[in-house]
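Structure first, then comments.
These figures come from a predicted structure and were not determined experimentally.
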Amino acid sequence: MKTKLYTPIILILFITSLISAQITITQSNFTSVYKIGNNFKNFGDTLVTSIDIGNTGGGNAWDFSGLIPQITFETNYISPAGTPFESTFSAADVVNYFIFTYDSSGTMGTSETWNYFSSSDGTTIGSGTINTSTNGSSVDSSTSVTKHFPPFLEFDFPIEANKNWSKKDSSETMLNTSGGSFTTVVTTDYNITVDAWGTMKLPSGNSYDALRLREQSVSTTYFLGLPVFTSTSVDYFFIAKTGESVSISTESENPPSSGVISGTVGWSENSITSVEKLDALPKEFALYQNYPNPFNPSTTLRYSIPKESVVKLKIYNLLGKEVASLVNNSQPAGVYKYSFDGSNLSSGIYFIYLQAGDFVQTRKMTLLK
């Protein structure tokens with residue numbers, strides 16, 4: 001009798017959990033990312049990892065909490081104005097910018113990338129990258145510019161369980177190096193299926209309802225009008241409505257759709273974090289002391305601007321190296337606060353740098369872990 005009494009209740013709870021995980025991601029959810037002032041922290045594993053992708057269908061509980069990043073970087077959404085490739089991509093109204101630095105076998109390198117988008121629908125218009133490497137007294141640099149024709153949008157909205165679609169992308173890349181210039185054209189056919197749903201647990205310990213997308217792509221590279229290389233790849237994406245995601249680039253061209261697979265992994269640990277404008281009307285430019293200070297791992301930064309200004313809010317370490325670019329855009333007069341997360345920084349002294357028009361001020365803060 002107990003079994004008969006409890007079974008319907010358990011079944012209802014189980015079905016409810018499956019329904020709740022079958023989220024729908026709309027285009028407005030997607031384009032909410034493309035706002036000037038938004039910032040994301042991103043992580044990557046450069047080593048091949050074995051990871052459980054669950055099963056097709058519902059009821060999955062993906063556990064990514066054990067992922068350990070070899071790469072950490074921040075993506076900042078900024079205005080195209082003043083960026084190196086502004087004139088090339090004049091149709092773009094928002095850019096995401098990130099920078100990598102590395103030290104490998106005595107070679108110091110920096111790679112800066114600007115991706116140009118239309119904020120109205122999230123289409124990718126193009127991108128530009130500047131690479132600089134130094135080894136002793138030798139300095140080498142290169143620039144690459146990629147144009148999509150037409151602008152490319154990978155997703156078909158709304159994104160929901162059991163949906164399938166195909167897309168085609170064509171792009172042209174011009175690479176300028178000390179040895180000369182080279183232009184290649186790449187055409188890519190995408191086939192994407194939303195084949196699973198459930199909850200995903202990220203390294204923060206937080207869990208989110210998510211959809212799993214299986215993306216198969218076939219790319220052909222052309223040089224001087226002739227096809228020189230064709231490749232096939234399969235990627236899995238786990239995406240939440242609020243922006244968290246995990247991506248897996250698989251080793252196999254035909255991986256299984258369930259169980260443990262091998263590949264390289266990247267993930268976005270947090271949703272959008274942006275500066276918040278308060279109601280107060282300030283009379284002067286000011287950068288206030290962060291609170292709390294010392295802090296672990298987060299603290300609140302506050303500043304005021306009495307008139308509309310182009311604002312840059314950055315964090316530097318003791319060596320003068322920029323470790324975070326938090327704001328880089330024009331803002332109206334007001335008092336602003338920013339919740340800064342130092343989880344990915346080591347203990348030590350850091351400097352908050354504010355530039356608003358001709359006004360510049362710095363303050364010292366201490367991270368204790």
Does the side chain of [X] reach to within under 4.5 Å of the side chain of [Y], using non-hydrogen atoms?
X	Y	value
Q355	V311	no
T132	D140	no
T264	L47	no
I25	E160	no
T129	E112	no
Q361	Y353	no
I305	Q331	yes
L326	I315	yes

Whether the side chain of [X] engages the backbone of [Y] through a donor-acceptor N/O pair (distance < 3.5 Å, no angle test) should be reported.
X	Y	answer
N55	G57	no
N328	S325	no
K241	Y208	no
T362	L354	no
S79	A81	yes
T31	Q27	yes
K369	S343	yes
K163	D156	yes
R302	L287	no
T49	I51	no

**OP:** Scan S171, S170, S219 and name whichever one has a side-chain hydrogen bond (donor to acceptor under 3.5 Å, both in side chains) with T188.
**Re:**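 Single side-chain hydrogen bond (donor to acceptor under 3.5 Å, both in side chains) partner of T188 among S171, S170, S219: S219.
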**OP:** Would you sort out whether R363 and F351 count as a side-chain contact (heavy atoms from CB on, under 4.5 Å), showing the intermediate values?
**Re:** CA-CA 6 Å; R363 287 192 180 272; F351 294 93; over 6 Å; no
Using residues 250-260 as the side-chain source, report each donor-acceptor pair under 3.5 Å to any protein atom, sequence neighbours left out, with the distance given to one decimal.
| residue | atom | partner | partner atom | Å |
| --- | --- | --- | --- | --- |
| T250 | OG1 | V234 | O | 2.7 |
| T250 | OG1 | S252 | O | 3.0 |
| S252 | OG | N254 | N | 2.9 |

Donor + acceptor pair across side chains of [X], [Y] (<3.5 Å):
X	Y	result
D195	T193	no
T230	T220	yes
T199	S207	no
N191	S166	yes
T75	N96	no

How far does [atom1] of [X] sit from [atom2] of [Y], to the nearest 0.5 angstrom?
X	Y	atom1	atom2	value
I239	R212	CD1	CZ	12.5 Å
D189	K167	CG	NZ	13.0 Å
N293	T300	CG	OG1	11.5 Å
W197	L213	CH2	CG	12.5 Å

[X] and [Y]: which non-hydrogen atoms are nearest, and at how many Å?
X	Y	answer
L367	G342	CD2-O, 3.6 Å
F157	T26	CD2-C, 3.6 Å
S127	Y116	CA-CD1, 4.3 Å
N290	K364	OD1-O, 4.0 Å
N131	S111	OD1-OG, 2.7 Å
I68	W267	C-CH2, 3.8 Å

Is there a path of hydrophobic side-chain contacts, each under 4.5 Å between heavy atoms of I, L, V, M, F, W or Y residues, that connects [X] with [Y]?
X	Y	answer
Y236	F43	yes
L345	L301	yes
V310	L313	no
V218	F152	no
I125	I130	yes

**OP:** Verify side-chain contact (heavy atoms from CB on, under 4.5 Å) between N164 and I192, making sure each step is shown before the conclusion.
**Re:** CA-CA 6 Å; N164 174 263; I192 302 170; 5.8 Å; no
Original post:
Run the salt bridge (charged side-chain N to carboxylate O under 4.0 Å, His left out) check on K201 and D63 step by step: do they pass?
Top reply: CA-CA 5 Å; K201 185 177 181 181; D63 187 357; 5.3 Å; no
**OP:** List for me each residue that meets ring-ring contact (aromatic ring centres under 6.0 Å, His included) alongside Y97, sequence neighbours excluded, and say none if there are none.
**Re:**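 So Y97 forms a ring-ring contact (aromatic ring centres under 6.0 Å, His included) with W114.
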Original post:
Counting only heavy atoms not in F229, do more than 12 sit closer than 6.0 Å to its CZ atom?
Top reply: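 12 or below, so no.
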Original post:
Hey, is NZ on K168 packed in by over 12 heavy atoms from elsewhere, all under 6.0 Å?
Top reply: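 Yes, because the 6.0 Å sphere around NZ of K168 holds more than 12 heavy atoms from other groups.
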Determine whether the aromatic ring centres of residues [Y] and [X] are separated by less than 6.0 angstrom.
X	Y	value
F295	Y291	no
W62	F238	yes
Y350	Y316	no
Y288	Y303	no

Original post:
Could you go step by step and tell me if T173 and V186 meet the side-chain contact (heavy atoms from CB on, under 4.5 Å) rule?
Top reply: CA-CA 8 Å; T173 298; V186 177; 5.8 Å; no
Subject >> Lys/Arg N to Asp/Glu carboxylate O, E322 vs K314, below 4.0 Å >> reply: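 Salt bridge present between E322 and K314.
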Do any side-chain atoms of residues 84-94 form donor-acceptor pairs under 3.5 angstrom with protein atoms, and if so which ones, sequence neighbours left out?
| residue | atom | partner | partner atom | Å |
| --- | --- | --- | --- | --- |
| E86 | OE1 | G82 | N | 3.1 |
| D93 | OD1 | S119 | N | 2.8 |
| D93 | OD1 | S119 | OG | 3.3 |
| D93 | OD2 | S119 | OG | 2.8 |

**OP:** Please work out whether the ring planes of F359 and F285 are parallel, tilted or perpendicular, with thresholds of 30° and 60°.
**Re:**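 Ring orientation, 0 to 90° scale: parallel.
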**OP:** Go through the steps to decide whether N176 and T143 satisfy the test side-chain hydrogen bond (donor to acceptor under 3.5 Å, both in side chains), and finish with yes or no.
**Re:** CA-CA 5 Å; N176 293 301; T143 301; 5.8 Å; no
**OP:** Applying side-chain contact (heavy atoms from CB on, under 4.5 Å), run through E244 and L202 and close with a yes or a no.
**Re:** CA-CA 9 Å; E244 295 80 7; L202 298 183; 3.8 Å; yes
